[in-house]
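To start, the structure itself, in structure tokens.
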Amino acid sequence: SQELEQSPQSLIVQEGKNLTINCTSSKTLYGLYWYKQKYGEGLIFLMMLQKGGEEKSHEKITAKLDEKKQQSSLHITASQPSHAGIYLCGAISSGSARQLTFGSGTQLTVLP
Amino acid sequence: GAVVSQHPSRVICKSGTSVKIECRSLDFQATTMFWYRQFPKQSLMLMATSNEGSKATYEQGVEKDKFLINHASLTLSTLTVTSAHPEDSSFYICSARRSGGDYNSPLHFGNGTRLTVT
């Protein structure tokens with residue numbers, strides 16, 4: 001089964017600082033997804049990466065997938081309190097139903 | 001577009017009773033829906049895959065008789081927690097994949113249901 005390790009588990013940064021969250025897979029990724037969640041609420045889709053070396057950006061968030069397609073990073077530039085939440089990386093399984101399974105999550109706190 | 005509605009958002013029930021949670025795709029058809037469970041400060045754990053017109057597929061360790069899933073139409077899947085106990089208290093969230101969509105297309109998530117069993 002697909003296993004995703006996220007690091008760090010939690011992160012506290014001062015507003016304005018940059019930060020990076022990592023997601024490592026035990027298997028080659030066919031699609032890597034980043035979602036954001038505030039606990040007790042639904043998930044917000046951020047980005048999806050499919051190709052080795054791919055990089056996508058949206059506002060101040062950039063996500064990359066390495067060439068071997070086993071590791072992804074999510075980088076936030078000049079963090080703001082609105083960036084706070086749980087960041088989850090997810091991968092589609094190779095099973096017939098193509099389930100989406102998630103990493104352990106990273107709890108981000110941004111101090112004003 | 002691509003809205004998934006989950007109802008109720010919060011429910012409190014007494015131990016021993018059953019609770020039904022609905023997941024609806026409002027503006028698209030979904031052959032496949034997924035049910036997740038989330039404990040405080042933890043990630044989402046996939047419970048089962050709900051397939052329209054057929055039996056659900058449960059992940060290892062998930063009791064199919066306890067968590068009944070019905071996917072009777074292309075826009076509705078229900079999760080029934082039977083004979084609920086306090087340890088079933090959790091946040092349950094569903095997601096849906098558009099019928100005919102690329103397997104790699106993002107899943108659309110409901111806003112979740114917080115279940116508290118007293």
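In what follows, every chain begins at residue 1, and chains take the letters A, B, ... in the order their sequences are listed.
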Q | Verdict with supporting geometry, Phe45(A) and Phe109(B), ring-ring contact (aromatic ring centres under 6.0 Å, His included) | A | CA-CA 9 Å; Phe45(A) 172 71; Phe109(B) 284 82; 9.8 Å; no
**Q.** Region of Leu100(A) that comes under 4.5 Å of a non-hydrogen atom in chain B
**A.**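 Contact with chain B: backbone and side chain both.
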Q: Pick one of side chain, backbone, both or neither for Gln9(A), based on which atoms fall under 4.5 Å of a heavy atom in chain B.
A: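 Neither part; nothing is under 4.5 Å.
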Q) With respect to chain A, which residue among Gln42(B), Gln6(B), Gln38(B) yields the maximal number of heavy-atom pairs within a distance under 4.5 Å? A) Gln38(B)
Roughly how far, to the nearest 0.5 Å, is [atom2] of [Y] from [atom1] of [X]?
X         : Y        : atom1 : atom2 : answer
Thr101(A) : Tyr36(B) : OG1   : OH    : 7.0 Å
Gln37(A)  : Ser43(B) : CD    : OG    : 8.0 Å
Leu44(B)  : Tyr35(A) : CG    : OH    : 10.5 Å

Q. Quick one: of Ser104(A), Gly105(A), Ser10(A), who has the most non-hydrogen atom pairs under 4.5 Å with chain B?
A.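 The residue among Ser104(A), Gly105(A), Ser10(A) with the greatest pair count is Ser104(A).
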Could you check whether atom [atom1] of [X] has more than 12 heavy atoms from other residues, nucleotides or ligands sitting under 6.0 Å from it?
X        : atom1 : value
Lys17(A) : NZ    : no
Ile12(A) : CD1   : no
Lys55(B) : NZ    : no
Ile12(B) : CD1   : no
Lys36(A) : NZ    : yes
Lys66(B) : NZ    : yes

[X]-[Y] co-clustered via ILVMFWY side chain contacts under 4.5 Å:
X         : Y        : result
Tyr58(B)  : Phe34(B) : no
Ile21(A)  : Ile61(A) : yes
Leu107(B) : Leu43(A) : yes

Q | Counterpart residues, side-chain contact (heavy atoms from CB on, under 4.5 Å), relative to Glu59(B) (two or more places apart) | A | Gln99(A), Leu46(B), Val62(B)
(Q) Suppose a student defines contact as a heavy atom less than 4.5 Å from any heavy atom of chain A. Which residues in residues 83-96 of chain B would they list? (A) Phe91(B), Ile93(B)
